[in-house]
Amino acid sequence: MDEQPRLMHAHAAVGMSGHPGLSQHIQDNTGANDGDGRKQDIGDILQQIMTITDQSLDEAQARKHALNCHRMKPALFNVLCEIKEKTVLSIRGAQEEEPPDAQLMRLDNMLLAEGVSGPEKGGGSAAAAAAAAASGGVGADNSAEHSDYRAKLSQIRQIYHTELEKYEQACNEFTTHVMNLLREQSRTRPISPKEIERMVGIIHRKFSSIQMQLKQSTCEAVMILRSRFLDARRKRRNFNKQATEILNEYFYSHLSNPYPSEEAKEELAKKCSITVSQVSNWFGNKRIRYKKNIGKFQEEANMYAARTAVSAASVSTHGSQANSPSTPNSAGGYPSPCYQPDRRIQ
DNA sequence: ACGCATGATTTTAC
DNA sequence: GTAAAATCATGCGT
């Protein structure tokens, strides 16, 4: 049992040269030994350390306990922590403290903007409304897509939050686990609070990189959803009957020059509850399709001509010469039967 | 299921 | 930029 104090000497000699209390302690136990004797002593101790793994578990445990209870232990421990701290600091000096990740900030901003990470309902519907506005949809008839979009978004949102919570919980659990472990170990090896702190930092960074992946995939999902929603072609709705009639009325009553001005387009858009660009699309399609197959549209043309004539007649309270088909108010046609040379399209 | 109608987009020309 | 033409993708009646 006399080996235990000698082991302490070894620690002292290795870790604490120059410590006044320690040299005192050494003196206490080595008595009047000269330098050679002390060297011999240290050699023995080193030998013992080297062979410590050969010892039985009980023996090692007993020694550990003895070490823990030694009166010099706190002082030794602190100095060892200090040394370790300095070494660690010199190894990784400035390389730490990466700047706040730009990528992460972008993802966060986007999730916030899309209403995934923000407050419960408001953000989501705002984003949906923005998307709806961007898609060119107007009025109530796209509310179905609206709620569809919102439903899917809140689905994504829910998944995101559960996953995030799961990660956070796992992170906390792991952190406390590691902290307990380190605290436990700090009884037998030099672990300073700073080191524990650093370890916690490392764990958090690791988990936040996992979180970043989650954020990234959530962003992707939102982008896909959004692009689907915005791609109106996928959810094409025919204009309602009234809108089509208004457009056709204008088209056939301006058959000689079916190019509504910007103001006219705006007016039509307003009347039909569609956007100006939808009006433009409609006229673009109509012109080309009419031109391609005038015959097919003849009936339609006559019908609208008659209608305009009737309404004109009723305005002027004349019933007599109401309908003369194929010749609406402004000339014969857009290439149409009565071809006119100065038309814009040939 | 199929084919035509139709709104939107893309390509091309000016 | 606008418009024509071509093309796409969906809506809808059969």
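Every chain is numbered from 1, with letters handed out A, B, ... down the list of sequences. When reading the values below, keep in mind they use all heavy atoms of this one structure, side chains included, and skip hydrogens, waters and symmetry mates.
Partners of A/E168 under the salt bridge (Lys or Arg N to Asp or Glu O under 4.0 Å) rule, at least two apart in sequence or in another chain, do not exist in this structure. In this view, A/E82 satisfies the salt bridge (Lys or Arg N to Asp or Glu O under 4.0 Å) rule with no residue, not counting sequence neighbours. Residues meeting the salt bridge (Lys or Arg N to Asp or Glu O under 4.0 Å) test with A/E197, sequence neighbours left out: none. With sequence neighbours excluded, no residue satisfies side chain to side chain donor-acceptor pair (under 3.5 Å) with A/N109. Taking the salt bridge (Lys or Arg N to Asp or Glu O under 4.0 Å) definition, one finds that A/K296 meets it with nothing, sequence neighbours left out.
A 4.5 Å side-chain heavy-atom check between A/F283 and A/F251 finds at least one atom pair inside the cut-off.
Going from atom CZ of A/R287 over to atom P of C/dT2 covers 12 Å, rounded to whole Å. Rounded to whole Å, atom C1' of C/dT7 lies 11 Å from atom CG of A/N285. Rounded to a whole Å, the NZ atom of A/K241 is 11 Å from the P atom of C/dG13. As a whole-Å value, the separation of A/E262 CD from C/dG1 C1' is 11 Å. Here B/dG7 presents its P atom at 13 Å from CD1 of A/I246, a figure rounded to the nearest Å. With rounding to whole Å, A/I288 atom CD1 is found 17 Å from B/dA8 atom P. Distance CG (A/N281) to C1' (C/dC8): 13 Å, rounded to an integer number of Å. Computed from coordinates, the A/L268 CG to B/dG7 P distance equals 14 Å when rounded to whole Å.
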Taking only nitrogen or oxygen atoms into account, show me every contact under 3.5 Å that the protein makes with nucleotides 3-6 of chain B, one pair per line with its distance.
residue: B/dT6; atom: O2; partner: A/R236; partner atom: NE; Å: 3.4
residue: B/dT6; atom: O2; partner: A/R236; partner atom: NH1; Å: 2.7
residue: B/dT6; atom: O2; partner: A/R236; partner atom: NH2; Å: 3.3

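Contact annotation for A/K265: backbone-only contact, meaning every heavy-atom pair under 4.0 Å involves sugar-phosphate atoms and none involves a base.
Note on A/Q278: a side-chain N or O is less than 4.0 Å away from OP1 or OP2 of B/dA8.
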